[in-house]
Amino acid sequence: MKAPMARPTVLHARYLLPVRPAHAVLEHHSVVIRDTRIVDVLSTTAAKSRYRDADQVNLQDHVLLPGLINMHTHSPMTLLRGYADDLPFQQWLNEFIWPLERKFVSEEFVADGTRLAMAEMIRAGTTCFNENYFFPDIMAAAVAKAGMRACIGMPIIELPTAWAGDVNEYLEKGLDVLKQWRGFSRLRFSLAPHAPYSVSDKSLEQIAVLSADLGLPVHMHLLETEWEVTHSFQQYGIHPLERLEAHRLLNSRLLAVHMTQLTADEIRMLADRRVHVVHCPQSNLKLASGTCRINDLRESGLNIAIGTDGAAANNNLDLLSEAQTAALLAKGVSGDPRAVDAFTALEMITINGAMALGLDHEIGTIETGKLADLAALDLRAPETQPVHNVVSQVIYAASSRQFTDVWVEGQRLMDAGKLTTLDLAGLMENAEIWRRKLSAAR
């Protein structure tokens with residue numbers, strides 16, 4: 001005997017930004033959710049007639065968006081927010097961040113930091129994040145319990161840490177995590193070598209083989225600073241991209257993060273290999289690492305998504321703010337106000353991230369048949385009135401604090417501004433405990 005179909009939920013929105021078709025803005029439209037998926041997108045008038053017995057959610061002052069996708073995070077580093085600011089990159093990393101991590105990173109640190117990060121991201125309309133940090137098993141469990149979606153990186157670095165002692169152990173433990181969570185719908189996994197300067201040729205070769213055999217993305221910091229290029233020539237005698245090319249890692253599975261040091265020839269090579277670029281404008285600006293040539297990358301046909309980086313470098317996980325910075329920076333660098341318009345910036349935090357993760361058939365747009373990962377943003381604030389252009393209001397005027405409701409696979413993770421799967425008060429208490437521990441280490 002067939003189980004009865006789940007009662008649908010209908011979201012009635014003032015505006016709907018489906019992202020596909022491109023530039024579409026639908027007024028007074030509704031999205032129908034049944035179980036985990038979108039089963040209908042239609043006018044609100046038609047929805048109220050056709051789905052009278054459904055659960056109704058009125059978002060009459062809101063714009064409904066696909067859930068935002070943060071393509072580069074170090075979630076546990078929320079606990080290091082503001083700890084070492086206004087320093088050169090190498091000093092920041094080698095004298096502050098890495099020593100602190102060696103002392104404090106543990107299962108507890110990762111669990112508490114990840115939950116704090118997820119609370120921040122959900123409140124900012126983010127439903128999916130691409131993660132690169134230690135103890136991926138702990139992060140996977142936290143994500144599963146909170147109801148978010150994530151691609152969890154299996155960290156690889158030529159340094160012993162609390163998670164693993166050498167590269168073989170990193171890979172072995174990472175693959176165990178992959179096996180443990182295989183088939184869980186809201187989790188994907190990647191290989192996450194830290195950077196070319198911190199991973200050996202032998203390790204790169206192992207990573208390339210595993211990526212090809214298992215079809216796993218490779219999530220890697222790449223060409224973040226000028227120092228990285230100089231160091232590569234000194235240590236290996238070749239450019240970092242040449243090393244990756246020699247190890248068959250320049251391909252459509254590579255998620256190349258930062259990419260601030262690029263020539264025109266290198267951009268053409270990346271386009272030929274169909275590499276995905278993850279732009280982190282605020283982190284790059286704050287650490288004075290350089291700027292990514294996203295106008296040239298776009299003209300070459302490369303897919304560009306956006307990440308916030310970790311809160312120790314940014315100092316927040318606010319994708320709307322990041323998208324605005326990306327758009328304004330592109331205009332300023334190019335001298336062209338048409339560079340990276342508002343809709344292009346919206347694509348970078350929705351469908352482009354989904355494409356990079358190989359999930360564009362499931363998330364990143366609001367379409368019938370896709371998973372119901374959605375975010376509702378209230379436009380009633382004076383900062384977003386009057387509404388002449390909905391997309392422009394979202395990218396250039398709105399604050400992430402205007403998100404009120406978030407769904408992942410149809411589960412409501414935020415309801416009228418209140419988190420439903422995370423204890424915010426408890427997270428704040430834990431954050432204060434960690435502040436005291438970390439402050440004592442100064």
Side-chain angles (χ1 to χ4, degrees), residues 8-48 50-51 54-71 121-122 124-128 147-149 185-186 305-306 319-320 323 342-379 387 389-395 398 400 402-415:
T9 298
V10 187
L11 315 181
H12 303 298
R14 175 66 176 86
Y15 301 103
L16 187 65
L17 294 184
V19 179
R20 293 291 181 269
H23 300 282
V25 177
L26 306 177
E27 292 193 51
H28 301 296
H29 266 63
S30 302
V31 174
V32 184
I33 303 169
R34 193 187 297 274
D35 293 323
T36 62
R37 295 193 178 270
I38 298 168
V39 297
D40 209 349
V41 179
L42 70 172
S43 73
T44 296
T45 300
K48 288 181 175 178
R50 190 177 303 175
Y51 296 97
D55 294 326
Q56 313 286 325
V57 178
N58 290 314
L59 303 166
Q60 59 193 16
D61 299 299
H62 293 65
V63 53
L64 190 63
L65 307 158
L68 307 186
I69 301 171
N70 188 342
M71 278 301 296
M121 286 191 279
I122 293 168
T126 297
T127 55
C128 177
M148 283 194 79
R149 186 182 309 284
S185 66
R186 288 186 280 105
I306 289 178
L319 268 183
L320 273 192
F343 181 74
T344 299
L346 178 62
E347 288 182 307
M348 289 179 178
I349 55 175
T350 54
I351 188 59
N352 290 11
M355 289 171 59
L357 294 175
L359 289 173
D360 47 305
H361 63 296
E362 293 279 40
I363 60 174
T365 64
I366 300 177
E367 299 179 80
T368 299
K370 285 199 168 184
L371 291 167
D373 289 13
L374 303 161
L377 187 146
D378 191 341
L379 292 174
V387 179
N389 182 310
V390 180
V391 182
S392 291
Q393 294 299 80
V394 169
I395 298 299
S400 63
Q402 291 173 246
F403 282 105
T404 61
D405 299 83
V406 169
W407 295 261
V408 173
E409 289 194 3
Q411 181 186 6
R412 205 169 188 172
L413 304 189
M414 184 163 68
D415 184 347

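Counting heavy atoms from C-beta on, the side chains of I366 and L16 come closer than 4.5 Å. No side-chain heavy atom of V19 sits less than 4.5 Å from a side-chain heavy atom of L65. Using a 4.5 Å heavy-atom threshold, the side chains of L379 and R14 count as separate. Taking 4.5 Å as the limit, every side-chain heavy atom of V387 sits out of range of all side-chain heavy atoms of V63. The shortest side-chain heavy-atom distance between T126 and F403 does not fall under the 4.5 Å cut-off.
Taking CD1 from I363 and CD1 from I69, the interatomic distance works out to 4.0 Å, rounded to the nearest 0.5 Å. Here the straight-line distance linking atom CG of L371 with atom CG of D35 works out to 11.0 Å at 0.5 Å rounding. One distance of note links OG of S400 with CD1 of I122; it measures 13.0 Å at 0.5 Å rounding. Taking CG from L346 and CD1 from I306, the interatomic distance works out to 10.0 Å, rounded to the nearest 0.5 Å. Taking CG of L413 as the start and CE of M121 as the end, the distance is 11.5 Å to the nearest 0.5 Å. With rounding to the nearest 0.5 angstrom, the CD atom of Q411 is 6.5 Å from the CZ atom of R186.
Of the listed residues (R50, K48, H29), just one forms a side-chain contact (heavy atoms from CB on, under 4.5 Å) with L42, and that residue is R50. The residue from I33, V406, V57 that alone fulfils the side-chain contact (heavy atoms from CB on, under 4.5 Å) condition with R412 is V57. Here the rule is side-chain contact (heavy atoms from CB on, under 4.5 Å) with T127, and of T350, D373, L374 only D373 fits it.
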- Message: Run L11 and D405 through side-chain contact (heavy atoms from CB on, under 4.5 Å) and show every step you take.
- Response: CA-CA 11 Å; L11 315 181; D405 299 83; over 6 Å; no
- Task: Evaluate side-chain contact (heavy atoms from CB on, under 4.5 Å) for L17 paired with V25, printing each intermediate quantity in order.
- Result: CA-CA 5 Å; L17 294 184; V25 177; 3.6 Å; yes
- Verdict with supporting geometry, L357 and C128, side-chain contact (heavy atoms from CB on, under 4.5 Å): CA-CA 10 Å; L357 294 175; C128 177; 3.9 Å; yes
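Using a distance-only test at 3.5 Å, with no hydrogens or angles considered, a donor-acceptor pair links the side chain of Q56 to the main chain of A54. No donor-acceptor distance shorter than 3.5 angstrom exists from the side chain of T9 to the backbone of D55, with no hydrogens or angles considered. Of the possible polar contacts, one joining the K370 side chain to the D360 backbone as a donor-acceptor pair under 3.5 Å is found. The main-chain N or O of H62 is never found under 3.5 Å from a side-chain atom of D378 such that the two would form a donor-acceptor pair.
Here the shortest heavy-atom pairing between A323 and A345 reads O-CB, 3.9 Å. In plain terms, the two heavy atoms of T404 and M414 that are nearest each other are O-CG, 3.4 Å. Nearest heavy-atom pair across A376 and W407 is CB-CZ3, 4.3 Å.
Within a 6.0 Å sphere centred on CD of E27, heavy atoms belonging to other residues, nucleotides or ligands number more than 12.
Contact check on R37 versus E367 returns no salt bridge, with no Lys/Arg side-chain nitrogen under 4.0 Å from an Asp/Glu carboxylate oxygen. Between R20 and E347, at least one side-chain N (NZ, or NE/NH1/NH2) sits under 4.0 Å from a carboxylate O, which counts as a salt bridge.
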